[in-house]
Each structure stands twice: as structure tokens, then as C-alpha cells.
Amino acid sequence: MSEENNEEKKSVDFIREIINEHNKNGKYDSRVHTRFPPEPNGYLHIGHAKSICLNFGLAAEYNGRCNLRFDDTNPSKEEQEYVDSIKEDVSWLGFEWDEECYASDYYEQLYDWAVELIKKGKAYVCDLTDQEIREYRGTMGGGKEGTPPGKDSPHRDRSVEENLDLFTRMRDGEFEDGSKTLRAKIDMAHPNLNMRDPVMYRIQRAHHHRTGDKWCIYPMYDYTHGQSDSLEKITHSICTLEFENHRPLYDWYLDELDLYHPQQIEFARLNLTYTVLSKRRLLTLVMDKYVDNWDDPRMPTIAGFRRRGYTPEAIRNFCKRIGVAKADSRIDLALLEHCLRDDLNKRASRFMGVLDPLKVVITNYPEDGEDILEAVNNPEDESAGVRKVPFSRELYIEREDFMEDAPKKFFRLSVGREVRLRYAYFITCTEVIKDQAGNVVELRCTYDPETRGGDAPDGRKVKGTLHWVSAKHALKSEVRLYDRLFTVENPDAERDNWLNCLNPDSLEIKSEVFVEPAIAELKTGDFFQFERTGYFCVDKDTTAEKMVFNRSVGLKDSWAKIQNK
RNA sequence: UGCCCCCUAGUCUAAUGGCAGGACAGAUGAUUCUGGUUCAUUUAGUCGGGGUUCGAAUCCCUGGGGGGCAACCA
């Protein structure tokens, strides 16, 4: 055995441990068949990415299979748009599902099983209202004697014949929405509330995105999920922690119906600092227009990250690095950003763009002079080649790269100081032009023709290197800078106050941005780096007249750290 | 206060009864035509108490803390 193999055996997460054990004892004939089971009631987010990477990753690692299954049991909240977006996002992340399944394809089978349970005396039609069901179920905590037991429904002892008749008529549409339910007959005193005669079917006249108006009764998730896994011969049914208490119920259905048992394994869902990941809250952000849409680059949705300029590679790497465990945790957003930088540093072409322009006139450069300089596209990847960058007498540099009363640690431009313009010349600032209000509006500089390309033949060094663009060659474009959507690390802890923690500065639009002409070749979705400012991508709002760029993530900025001290 | 789950540096995660390690974040320095990258160094941890054991992050007991569950949602 190679060392590598030993290394791998050294450290596996608890899920892989369970699977290894199963493979050793032959529980599933060494089969590994997982599934990713979203409900199509919203867009996928980074938390789903964790689950996707886990389920599809497991299948790939163990030479198994992974289904994409839509748990579409609540037609009032589900839509085809969400089905489409989910498929697009899973594919974009780089995964291929073996079978595309829908819980709604099992409706007929589920119905037959419900009839079977009724015949066994294990299910009954109940006329209690939702309010009454809640009251009869009892509550958590309470008395010294333990959880107060629930009360039996008055309809609990209906005959099999009556239940069969009633359930058939429920399906036939004889009863009002919500007027009756089918319930499992388990134990109203069970310490696990999920086992106190849970609802299996409710009456709901809603148009289903796949079954249309065929049904007016719909199975509950809890009655559907376990059997769906069973039908698909799933071996390891991986889900999040909140379903742990439901596992006995899934097992109960499977046992009573004498069906194949997958092994359910629960793990802790992903939480991210400065982010909300609950579907309900994301829906609020979109519907109430706190963000533009599901793919707003500030959204933690897969679509949002894609538009923001995140790569599938970065997200997959992130999911690998956060691991999987049962302890609740909240991952530092900085780790996600690190994964993006790590990927893009190796792959993104560099360009120059000035976000906050300050005009510079090179006084000793010919009026109509022009020069074409050569720039390296990616210092981390020689195969990326070089490009041409035009230079002329009037340039733009970044406003923050000039300071009048510059401290020693400021390596950039100031009157009398010499810096390098990247891939161009050394320049020295000679004069500051201000408007009547005293704002710096222009810099006069001289250049040293001997330093063409960026090195001085006499060997002298400069501390700073600035990015720049030639004024007459520059393309005017728009840049959108993003910051965290929330001002607090854990918006969830704010309860109903969470919307008050939205970061008012999460979006900053720079509409007077000047970029080098080579940028024009880029297409929507392409990623690149603006040297010294960050990684960007071309937004879909780009038009023939104006390009629009999203900043995906900034570069690490040690100057900012020095300033903050 | 019923049931279930969890507790290792600031954060996340390893160590499966035998030297508490890695990553991110932080700090310091070197290199650098990006104050980027890279490299080196470095700060920092087993929730408390008791027990079993030659030996406990790990097993047991107990206390504490965190999370989940009372939709005809998933």
C-alpha cells in the first residue's frame, strides 16, 4: 500500500467512517448510492453546495451513484423556475446526477401504501382542525412527570372500512381543503413529538408544477422522504441535523410497510459569518427587494456567487476544507474568500483599471506621443503570455495612490517622490493642481525615458509600483464593489431584528472607471484581476456602450492594515 | 424543563486509550515591477469536577454550555 493510501485512511469524517464500516460488513453489498434532495421552493445556496459536494463527492469516491431528487410535496410553494435553477446550479458546480427523480412520481405508490397502512389499522382519517391537532399533540417540557402526553383524536378509532371510504373520498375531492387529514396511528404519549400520530396527507387544491390538478391531497414530507429513498435503493441518506428526530418516524413507515431501509446520517448544516442561509430569509431579501434578485452578487445563493465571479472550483475546494461534522458551527467568510483568491491567483489574467481616477500629465512627454508597452498577463502562469498596453502623455492613476503629506510608510506618489508605473516608466511628481475648493484635480509629473519597461539601467529602486491607464485609450466602464450583506457576524441571532443588520454599504457603484483597452475582448462571466485592486468578472449588465464589472473579492491589503493601526 | 444531538486555539477541523496536529484569521521577517503571490518564523486549544487506567481530548459518572423539535412546511 502506498503512503498516500495510509494518509487517507488516517483521517476520514464520521460519514465516511460509517460507509467504510458498511462496506466492511457488507450491509449494502458495498454499494454506495446517495441523493441530493432539494425542495424546489427557492434557489440553492452555499449551504446546499456543502450537501451537494458531500453527496456527489461520496458517490464519486466510492464508485457509486447519486440521484438528484426533487422533494416536491408542497405545491403551494414550489415552482418550475426553481427546478430549472437547481439543475443549472448543480451542473455549474460540476456534478452530474445519475437519475433525475421527483417525489411526485411516487404519489400513486405513496397513496397505495397509505391504503395499506389504513388496512393494517395503522392510519386513520382525522377531522380535527390544524389548531386542534396542535392542542391534542401536547407540548414539550412542562410538568415534573415529563412531557405532557397528547390526547387521542376522537376519530382515532374509526373502522378500517370507514377510513378507507373517507380516504378515497378525500382523494376524490369530496371534502374542503384542510377539513380532514390522514394520520399515522402511533402513540400520542410518545416522548418524540414526531411520533404523536403525525399527519400523512392533507387536502390542498393547489396546482402542482408536475402533476397539475390531478391530486387534491398531497403527502407530507415526513411520509414521503423515507419511502422515496427506499424506492431509489439509496444506501446512505444524508441530511441535516434537524431531521434526526424524524428518523424514528421514517423507520416506522419503512417497518410497517416492510420496505428496504437506507441508513440516514445527519450532519451539521453550513453557517457562514455575516450571512443568512435560511430559505425563508433569502426569500424575504428577494421578494421585499432588499437585493435585486436571487442572483444578486451579494446573495449567498449559487446563482449569486456565480454572478459575483466565484468559480465552481473555489466553492468545491471550500466545501472540502470546511469538513463535515455534527457540531453546529459558523465558518469564517474569510475562508471562502481565501479559496476564491487561491483559485483565481493561479488562473486570472491581470489587467489595469483605475476605479477612482486622478489625472496625471507627464510634462516631459511629447504632446502627441504614444507608446506601446508589453505587460505580463499572469505572473503565476507563464503560458498566459503577454499583451500590449498603450501609454501617452495623459494618464489616470488611482486617487488613493497620491498623498500630499505622505508618511514614511507610504510608498506611493507624493510631490518629489518617484514611483514606477507598472510595465511603463518611473515618474516623479513635480506639481499638484487643485481646484478652488482645494481638491487635488491633477498631478504634473516627469518621466525617465531610460526606465522604459519598468527598470532603471542605473539600478536605482523605487518603493512603489502603481497601476495606470492612458487617458485617451481608456475605456470608461462601471464597477460594482460588494461588501458583506450584514454588519453582524450572526444575523440569525438577531431574531426579528435581522433586517436591521443589513449593511447599507454592501453595494458601491463606481461609474467613472477607466480601464485598459484589452479588457474589451472579455465576455460576460469572464474573470480577471485588476492589478492591486482585486478579482473581478464581467457582469451580464454589460452593453456595447459600457462594460460592467463585479468585484468578486479584493486582494489582501497589507497597506490597509498598516493604516488601521 | 420532555426527547434528541453536540462541546479541541479567535474560527473550522484532525488525533479512534499512547508526542494535541493542520487550515483560515492574527503577528513578525525575507523575497517581489501587484503593499498581491511565495517563503520562513510565531501567538493561540481539549467546558468544569470526579472515576476507570501504567497512560484519557478519547471510556464511565456528574455538573455546565450550545443547538434542534410543539406546520395540514421541508
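Basis for what follows: all heavy atoms, side chains included, without hydrogens, waters or symmetry-related copies. Each chain gets a letter, A, B and so on, in the order the sequences are listed, and its residues count up from 1.
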Engineer: Would you mind telling me which residue lines up with the more 5' stretch of RNA chain B, A:E242 or A:R330, judged by nearest nucleotide?
Structural biologist: A:R330

Engineer: When all nucleic acid strands are considered with a 4.0 Å heavy-atom cut-off, which category describes A:P248: base, sugar-phosphate, or nothing?
Structural biologist: nothing

Engineer: Could you tell me whether the phosphate oxygens of B:rA71, OP1 or OP2, come under 4.0 Å of any side-chain nitrogen or oxygen in A:R137?
Structural biologist: yes

Engineer: Give A:L421 one of three labels, base, sugar-phosphate or nothing, depending on what nucleic acid heavy atoms sit under 4.0 Å from its own.
Structural biologist: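 Result for A:L421 = nothing.
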
Engineer: Pick the nucleotide of RNA chain B nearest each of A:K409 and A:D222; which residue has the one closer to the 5' end?
Structural biologist: A:K409

Engineer: For B:rA74, does OP1 or OP2 lie under 4.0 Å from any side-chain N or O of A:T73?
Structural biologist: yes

Engineer: Strictly by modelled atom types, are A:T451 and A:D455 linked by a side-chain donor-acceptor pair under 3.5 Å?
Structural biologist: no

Engineer: Rounded to whole Å, how long is the line connecting atom CG of A:N245 with atom P of B:rC3?
Structural biologist: 12 Å

Engineer: According to the interplanar angle, ranging from 0 to 90°, do the rings of A:F391 and A:Y447 count as parallel (below 30°), tilted (30 to 60°) or perpendicular (above 60°)?
Structural biologist: tilted

Engineer: In terms of side-chain heavy atoms, does A:T311 have a donor or acceptor partner in A:D343 at a distance below 3.5 Å?
Structural biologist: yes

Engineer: A cation-pi test, strictly: NZ or CZ of A:R171 under 6.0 Å from the centre of the six-membered ring of A:W215 and no more than 45 degrees from its axis. Yes or no?
Structural biologist: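 That pair qualifies as a cation-pi contact.
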
Engineer: Before giving the answer on salt bridge (charged side-chain N to carboxylate O under 4.0 Å, His left out), spell out for A:R202 and A:D177 the whole-Å C-alpha distance, their side-chain angles and the decisive distance to 0.1 Å.
Structural biologist: CA-CA 8 Å; A:R202 74 283 215 189; A:D177 281 15; over 6 Å; no

Engineer: Which is true for A:H246 with a 4.0 Å heavy-atom rule: it touches a base, it touches only sugar-phosphate, or it touches nothing?
Structural biologist: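 Base: the residue A:H246, judged by heavy atoms under 4.0 Å, touches a nucleobase.
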
Engineer: With sugar-phosphate meaning primed atoms plus P, OP1 and OP2, does A:N192 contact a base, only sugar-phosphate, or nothing at under 4.0 Å between heavy atoms?
Structural biologist: nothing

Engineer: Between the base of B:rG36 and the side chain of A:E380, is there any donor-acceptor pair under 3.5 Å?
Structural biologist: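 Checked by distance alone, the answer is yes.
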
Engineer: Just checking A:E39: base, sugar-phosphate only, or nothing, at a heavy-atom cut-off of under 4.0 Å?
Structural biologist: sugar-phosphate

Engineer: Are OP1 or OP2 of B:rU34 and a side-chain N or O of A:H467 less than 4.0 angstrom apart?
Structural biologist: no

Engineer: Counting side-chain heavy atoms from CB outward, which of B:rA74, B:rA25, B:rG35 is closest to A:M220?
Structural biologist: B:rA74

Engineer: May I ask you to evaluate whether A:R347 reaches the phosphate of B:rU37, defined as a side-chain N or O under 4.0 Å from OP1 or OP2?
Structural biologist: no

Engineer: For A:D71, report the nucleic acid contact type (base, sugar-phosphate, nothing); a contact means any heavy atom under 4.0 Å.
Structural biologist: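 It contacts sugar-phosphate atoms only.
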
Engineer: Would you call B:rA71 syn or anti, using the 90° rule around 0?
Structural biologist: syn

Engineer: We want to know whether A:Y310 and A:E337 form a side-chain donor-acceptor pair, criterion being a heavy-atom distance below 3.5 angstrom.
Structural biologist: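 Result is no, nothing qualifies.
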
Engineer: Check every strand shown and say whether A:R412 touches a base, only sugar-phosphate, or nothing at a heavy-atom separation below 4.0 Å.
Structural biologist: base

Engineer: Remember a base hit wins even if backbone is also touched, and classify A:T181 as base, sugar-phosphate or nothing at under 4.0 Å, heavy atoms.
Structural biologist: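 Base contact.
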
Engineer: Which whole-number value in Å describes the distance from A:L413 CG to B:rG35 C1'?
Structural biologist: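 Computing the A:L413:CG to B:rG35:C1' distance gives 15 Å.
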
Engineer: Can you tell me, in whole Å, how much space there is between the C1' of B:rG68 and that of B:rG36?
Structural biologist: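 43 Å, rounded to whole Å.
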
Engineer: Please tell me if A:R202 has a side-chain N or O lying less than 4.0 Å from either OP1 or OP2 of B:rC73.
Structural biologist: yes

Engineer: Indicate whether OP1 or OP2 belonging to B:rA27 is found under 4.0 Å from a side-chain N or O atom of A:K561.
Structural biologist: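 Indeed, a polar side-chain atom of A:K561 lies that close.
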
Engineer: With a 4.0 Å cut-off on heavy atoms, is A:R341 in touch with a base, just the backbone sugar-phosphate, or nothing at all?
Structural biologist: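 No contact.
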
Engineer: Write down the distance separating the C1' atoms in B:rG17 and B:rA71, rounded off to the nearest Å.
Structural biologist: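 The same atom, C1', in both gives a distance of 47 Å.
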
Engineer: Reckon A:L466 touches a base, only the sugar-phosphate, or nothing at all at heavy-atom distances under 4.0 Å?
Structural biologist: nothing

Engineer: Under 4.0 angstrom, heavy atoms only, what part of the nucleic acid is A:R420 near: base, sugar-phosphate, or nothing?
Structural biologist: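 Base, at least one base atom sits under 4.0 Å.
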
Engineer: Between atom CZ in A:R495 and atom C1' in B:rG67, what is the gap in whole Å?
Structural biologist: 11 Å

Engineer: Test ring pair (Phe, Tyr, Trp, His ring centres under 6.0 Å) on A:F530 and A:F528; report intermediate values, then the result.
Structural biologist: CA-CA 7 Å; A:F530 272 138; A:F528 61 94; 4.9 Å; yes

Engineer: To the nearest angstrom, how far is A:W559 atom CH2 from B:rU37 atom C1'?
Structural biologist: 20 Å

Engineer: Just checking, any donor-acceptor pair under 3.5 angstrom between side chains of A:Y250 and A:D229?
Structural biologist: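 Absent: no donor and acceptor within the cut-off.
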
Engineer: Is A:R532 near enough to B:rG35 that one of its side-chain N or O atoms lies under 4.0 angstrom from OP1 or OP2?
Structural biologist: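 For B:rG35, OP1 or OP2 has a side-chain N or O of A:R532 closer than 4.0 Å.
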
Engineer: Output the rounded distance in Å from CZ (A:R134) to P (B:rA70).
Structural biologist: 10 Å

Engineer: Do we see a donor-acceptor contact under 3.5 Å between the side chains of A:R420 and A:T465?
Structural biologist: yes

Engineer: Using distance alone, with no hydrogens and no angle criterion, decide if A:H467 and A:R532 have a side-chain donor and acceptor under 3.5 Å apart.
Structural biologist: yes

Engineer: Under 4.0 Å, heavy atoms only, any strand: does A:Q529 hit a base, just the sugar-phosphate, or nothing?
Structural biologist: base

Engineer: Convert the base pairs of RNA chain B into dot-bracket notation, remembering that pairs crossing earlier ones are written with [ ] and that bases paired across to another strand are shown as |; include only Watson-Crick or G-U pairs under 3.5 Å.
Structural biologist: .((((((..((((....[..)))).(((((.......)))))....(((((..]....))))))))))).....

